[in-house]
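Structure first, commentary second.
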Amino acid sequence: MIGETLFKRFMLVALFMGILSRIFLLGYFPLNFDELIQYDVLNIPKWSQVSEYLRLHERQLPLAYAFYYPIVKFFPHNLYALRVPAVIFSLMSLFLFWKTALLIFNKEKSLFATSLFSISFLPLAFTHTIRPYPIFLMLSLAGLYFMVRLLREELSLKLLIGFTASLLLLCSVHPFGVVQAGLYGLITSLVIFKRQHLFKRAPFFTLLFWGGGFFALLMGVAYLVENPIFAHPNLHSPDIFKTLGAFVFASSGYINVFLFILFAFLQHIIKKRIFKQEVLLIGLFLLMGPFIAAYAFSFVFFPVYELRFFIHTSALFSLILTHYLYELCCDRVVLKRGLQTVVLGSTILFLCLKPSFFSLENKINIPQILRDHPQIEGSTVLNCGNCPSFYFDPKRFQCLRGWDFSISSDKNPLNRPDAIFIFKENKNFCESVIPVGWREYSYPGVSVFISPRIFPQ
């Protein structure tokens, strides 16, 4: 009994570690590389211009931008005003995960699964950003919650409305939200049609439904080929190592991946247990579906294989790993507790040993640069690459080849600046603007060049 109580406390410690980490990340490394893009897009004066920009340049869907647009207007340089909503979405995701787990497991299994999900790498790494991913994760879990209820309870209008609303919102937050919504809709409609015997009772309606769905899919693919709604500036389609690496990050480390494969092997090959559980089959399909879709899309259309697009798969991994672990251990408490300790411990270890955990190699510490060189703040600054205008007086700050397209080509900003910021990720197209004889200072992710006019040699 003492051992059981102690382990439950360990699970609660892991859960609260995940909750406190989300709150701690509020002020950690203000505005990373990707957030700077969204902040500058949101600083475009009119919402109609933001929408047009998203369609033509960023190729993102509008929901997250529409949510943050008034916040940026009312609190333009307030880091906490920008970060608090994302953390709230992340905490709501934890609550939705817990509620979903309770639909599938008992309280103890649900607590373990939620503890594991709370410290999973991808959800934690993007929990604080003003990018679309915290909302994407929350809506994915909302869709999963309603889907599980639809599959386990009697069909009701209330559940259908909640499921439909969550899918529509999911489709408007991110292109991969459309992929996830499609997977949810496919599975749910198949199960409902089968249970209600609609294939026999209403063959015309069934044919119309699936024929219409297939036609809509073909039209969507045709539209993407002609006018892609999303394109990330990757140069090459993913190789096998990047593909496997994405699953490792979604699983929070190689140890968890190894255990996942080992548990599946022992369950289905050694113990010869076939996939009888409908929820397990659906979970495995939903877990692998986004990876397969992204891989196929990258080779057929254009590369889109990015870690942050799989943030929601960590939830499904946590549920399935929990299921396998409890099924294999049954009543062998010592073995079960030992494996649970390994899983939670390896997940925490992966977070601690990942040197770029908090902002995924995007630690752009502009405040430190300004502290080191206070003379920059009263000078005119040119930036080539992303535009960190969050930190500057816009009258003294200009962007070139970045995400601020308000500078027309007939102007020559190089005649005016006293300092130049170049993001190292953009250096390949920024080297031509570096003046001869300016002093260079290197920081993580950023090179700073200062004119002799304000900093004599």
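This is a predicted model, so every value here is computed, not measured.
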Given the rule in the side-chain hydrogen bond (donor to acceptor under 3.5 Å, both in side chains) test, do T127 and S90 qualify, once you have shown the distances and angles that lead to the verdict? CA-CA 6 Å; T127 190; S90 182; 2.4 Å; yes
Is the number of heavy atoms from other residues, nucleotides or ligands within 6.0 Å of NZ (K336) greater than 12? yes
Classify the angle between the aromatic ring planes of F390 and Y39 as parallel (below 30°), tilted (30 to 60°) or perpendicular (above 60°). perpendicular
Worked check of side chain to side chain contact (heavy atoms under 4.5 Å, CB included) between V343 and T322: CA-CA 10 Å; V343 169; T322 298; over 6 Å; no
Any chance you could lay out the salt bridge (Lys or Arg N to Asp or Glu O under 4.0 Å) test for E327 and R332, step after step, and finish with the verdict? CA-CA 10 Å; E327 284 291 308; R332 289 170 287 188; over 6 Å; no
How far apart are the C-alpha atoms of R22 and L94, what are their side-chain angles, what is the distance that settles it, and do they pass the side chain to side chain contact (heavy atoms under 4.5 Å, CB included) test? CA-CA 11 Å; R22 284 160 169 78; L94 277 179; 4.0 Å; yes
Between F146 and L160, is any pair of side-chain heavy atoms under 4.5 Å apart? no
Say you draw a straight line from CG of L61 to CG of L169; how long is it, rounded to the nearest 0.5 Å? 12.0 Å
If you take all heavy atoms of S140 and Q180, which pair is closest and at what distance? OG-CG, 4.3 Å
Using the salt bridge (Lys or Arg N to Asp or Glu O under 4.0 Å) criterion, which residues pair with E154? Sequence neighbours excluded. none
Hey, are the side chains of S318 and F97 touching, using non-hydrogen atoms and a 4.5 Å cut-off? yes
On a heavy-atom basis, the closest approach of L316 and L287 is CD1-N, 3.8 Å
Answer whether the closest heavy-atom distance between the side chains of W47 and Y65 falls below 4.5 Å. yes
Chi angles and distances behind the side chain to side chain contact (heavy atoms under 4.5 Å, CB included) call for T188, V191: CA-CA 5 Å; T188 306; V191 173; over 6 Å; no
Heavy atoms only: give me the nearest I130-L82 pair and the separation to one decimal. CG2-O, 3.2 Å
Can you tell me how far the CG atom of L103 sits from the CG atom of L319, to the nearest 0.5 Å? 10.5 Å
Between K73 (side chain only) and L42 (backbone N and O only), is there a donor and an acceptor less than 3.5 Å apart? yes
Answer whether the closest heavy-atom distance between the side chains of F121 and S314 falls below 4.5 Å. no
Give the intermediate values and the outcome of ring-ring contact (aromatic ring centres under 6.0 Å, His included) for residues F67 and F89. CA-CA 12 Å; F67 178 83; F89 290 137; 5.3 Å; yes
For a salt bridge (Lys or Arg N to Asp or Glu O under 4.0 Å) check, start with the C-alpha distance between K158 and E153, then their side-chain angles and the critical distance, and finish with the verdict. CA-CA 12 Å; K158 182 179 178 180; E153 301 175 15; over 6 Å; no
Ring-plane angle category for Y184 and F163, please: parallel below 30°, perpendicular beyond 60°, tilted otherwise. tilted
Atom CG in N106, atom CZ in F112: separation rounded to 0.5 Å? 12.5 Å
Tell me if a side-chain donor or acceptor on S156 pairs with a main-chain N or O of L159 at a distance below 3.5 Å. yes
Do I420 and V381 have side chains that get closer than 4.5 Å, going by heavy atoms? no
Atom CD1 in I348, atom OG in S115: separation rounded to 0.5 Å? 9.5 Å
State, to 0.1 Å, how close S252 and T347 come at their nearest heavy-atom pair, and which atoms those are. CB-CG2, 3.7 Å
Any idea how F310 and F176 line up, ring-wise: parallel (<30°), tilted (30 to 60°), or perpendicular (>60°)? perpendicular
May I ask you to test the S251-F260 pair for a side-chain heavy-atom distance under 4.5 Å? no
Using every non-hydrogen atom in the two residues, find where T100 and L141 come nearest and quote the distance to one decimal. OG1-O, 4.2 Å
Begin from the C-alpha positions of Y133 and H174 and carry the test ring-ring contact (aromatic ring centres under 6.0 Å, His included) through to its verdict. CA-CA 8 Å; Y133 309 111; H174 191 270; 5.5 Å; yes
Evaluate side chain to side chain contact (heavy atoms under 4.5 Å, CB included) for S110 paired with W98, printing each intermediate quantity in order. CA-CA 6 Å; S110 298; W98 165 254; 3.6 Å; yes
Find out whether L96 and M138 are in side-chain contact, i.e. whether some heavy atom of one side chain is under 4.5 Å from a heavy atom of the other. yes
Geometric class of the F350/F249 ring pair [parallel <30°, tilted 30-60°, perpendicular >60°]: perpendicular
Over all atoms of both residues, closest heavy-atom pair of T313 and P290: CG2-CG, 4.0 Å
Nearest 0.5 angstrom please: R131 CZ to Q38 CD, how far? 5.5 Å
How far does OH of Y326 sit from CG of L339, to the nearest 0.5 angstrom? 11.0 Å
Going by heavy atoms in the side chains, are T129 and L31 under 4.5 Å from each other? no
